[in-house]
Amino acid sequence: MTTATLRAGRTRPFGRVSGLRHVITPVILCGVLFALYAWISAQNLDSIESRSLTREFLLAKAVEHVQLTFLATALVVVVAIPLGVVASRARNRLIAPVILTVANLGQAIPCIGLLVLCTFLLGVGFQTALVGLVAYAVLPVLRNTMVGVQQVDPALIEAARGMGMTRGQVLRRVELKLAVPAILAGLRTALVLTVGVATLGAFVAAGGFGELIINGLKLNRMPVTIVGAVLTACIAFFIDWLSGLAEDLLKPRGI
């Protein structure tokens with residue numbers, strides 16, 4: 001048996017398992033959504049529940065929730081990755097603890113308390129929830145960026161410098177590329193965290209599925225609460241699935 005045959009035998013089962021893993025999640029989510037639709041259709045909804053569960057209203061809340069999640073995550077990327085690179089440098093070892101301490105504050109303070117503090121400074125609205133979500137989700141991306149860059153083999157960095165690369169080129173072409181898996185893992189965590197915490201944005205008039213959950217609880221309308229909670233969970237699982245695909249596609253070959 002040749003080496004190529006052995007490699008193919010090892011690769012194919014893994015490829016099948018990986019492909020199956022990527023298919024299972026959307027299939028399950030479709031099943032959950034279909035079951036939720038069937039259950040709601042069988043309920044005797046009153047006027048309040050009917051107005052809260054129309055297709056147009058749910059679509060509007062979904063757009064608000066996803067918009068808040070992805071915009072917050074985009075800002076986290078812009079803030080956390082450069083700070084993670086700065087904190088990873090040996091010459092910045094004195095300011096690295098300060099950066100990590102500030103980033104830790106976002107998760108050390110309860111999220112609802114963080115939103116209240118932001119409300120005192122910015123008032124209510126979309127921007128208040130956005131600032132709170134960025135502060136809450138910045139730590140995983142920052143820490144993973146820092147760890148990913150620090151774990152790059154110094155011999156590879158020396159080899160790149162020996163080829164005539166500048167510090168900036170080494171960072172972009174070697175260190176950040178090799179740190180991509182760790183950065184994507186942190187980004188995946190931040191996305192899922194943000195989806196869940198975005199429900200609290202309803203307390204500051206930021207919209208999203210949190211509005212369904214809160215209104216359902218206040219008005220004692222369980223179908224409304226259940227729909228809001230299940231749809232939020234489905235978005236979280238779907239985004240986690242997309243992040244897994246991105247990790248497989250974007251990580252450097254051979255890692």
Side-chain angles (χ1 to χ4, degrees), residues 21-73 76 106-107 109-116 118-119 124-137 140 187-245:
R21 175 171 58 87
H22 290 318
V23 170
I24 287 176
T25 298
V27 169
I28 293 176
L29 290 180
C30 289
V32 170
L33 291 175
F34 179 78
L36 180 66
Y37 176 78
W39 179 73
I40 288 296
S41 300
Q43 301 298 308
N44 187 18
L45 304 178
D46 59 26
S47 59
I48 294 176
E49 293 168 342
S50 297
R51 286 196 301 269
S52 298
L53 299 178
T54 61
R55 182 180 303 175
E56 293 77 13
F57 185 77
L58 292 177
L59 182 59
K61 294 301 141 186
V63 170
E64 291 172 354
H65 204 101
V66 172
Q67 183 180 21
L68 183 60
T69 298
F70 279 101
L71 187 54
T73 305
V76 165
Q107 291 195 353
I109 302 173
C111 190
I112 188 65
L114 187 62
L115 287 176
V116 170
C118 292
T119 302
V124 297
F126 186 87
Q127 71 280 0
T128 302
L130 192 61
V131 172
L133 288 176
V134 170
Y136 188 78
L187 185 58
R188 185 176 183 175
T189 301
L191 273 167
V192 175
L193 281 174
T194 305
V195 172
V197 177
T199 56
L200 298 179
F203 286 109
V204 293
F209 284 131
E211 189 174 321
L212 280 175
I213 297 172
I214 293 170
N215 288 340
L217 291 173
K218 287 193 302 184
L219 300 174
N220 195 25
R221 297 300 195 278
M222 281 301 104
V224 178
T225 302
I226 291 172
V227 169
V230 171
L231 291 180
T232 301
C234 286
I235 288 179
F237 279 107
F238 182 69
I239 288 178
D240 182 69
W241 173 73
L242 288 179
S243 301
L245 290 179

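Computed from a predicted model, the values in this text were never measured in an experiment.
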Q: List the atom of Leu115, the atom of Gly132, and the distance in Å for their closest heavy-atom pair.
A: CD2-CA, 4.2 Å
Q: Answer yes or no: is there a side-chain heavy-atom contact under 4.5 Å between Cys234 and Val230?
A: yes
Q: Check Leu191, Val195, Thr194 against Phe70 for a side-chain contact (heavy atoms from CB on, under 4.5 Å) and give me the one that passes.
A: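 It is Leu191; the other options fail the test.
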Q: Do you know which two heavy atoms are closest between Ala72 and Val134, and how far apart they sit?
A: O-CG2, 3.7 Å
Q: Hey, mind stepping through Leu231 and Leu33 against side-chain contact (heavy atoms from CB on, under 4.5 Å) and telling me if it holds?
A: CA-CA 8 Å; Leu231 291 180; Leu33 291 175; 3.6 Å; yes
Q: Only distances under 3.5 Å count here; give the side-chain donor-acceptor pairs of residues 200-223 to other protein atoms, sequence neighbours excluded, each with its distance to 0.1 Å.
A:
from	atom 1	to	atom 2	distance (Å)
Glu211	OE1	Lys61	NZ	3.0
Asn215	ND2	Glu211	O	3.1
Arg221	NE	Asp46	OD2	2.7
Arg221	NH1	Leu219	O	2.6
Arg221	NH2	Asp46	OD2	3.2

Q: Please name the pair of heavy atoms, one in Leu58 and one in Ser52, separated by the smallest distance, quoted to 0.1 Å.
A: CD2-O, 3.9 Å
Q: For a quick test of reading the model, state the closest non-hydrogen atom pair linking Ala190 to Ala137 and the distance between them.
A: CB-O, 3.7 Å
Q: Are the side chains of Phe126 and Leu71 in contact, using a 4.5 Å heavy-atom criterion?
A: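 Yes, their side chains come closer than 4.5 Å.
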Q: How close do Leu45 and Ser50 get, heavy atom to heavy atom, and via which atoms?
A: CB-OG, 3.6 Å
Q: Which residue pairs pass the salt bridge (charged side-chain N to carboxylate O under 4.0 Å, His left out) test when at least one of the two sits in residues 225-242, sequence neighbours left out?
A: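 Qualifying pairs, neighbours excluded: Arg188-Asp240.
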Q: Just jot down the side chain to side chain contact (heavy atoms under 4.5 Å, CB included) partners of Ile28, sequence neighbours excluded, or say none.
A: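 Residues passing side chain to side chain contact (heavy atoms under 4.5 Å, CB included) with Ile28: Ile24, Val32.
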Q: Locate the shortest heavy-atom distance separating Ala198 from Leu133; write the atom from each residue and the value.
A: N-CD2, 3.9 Å
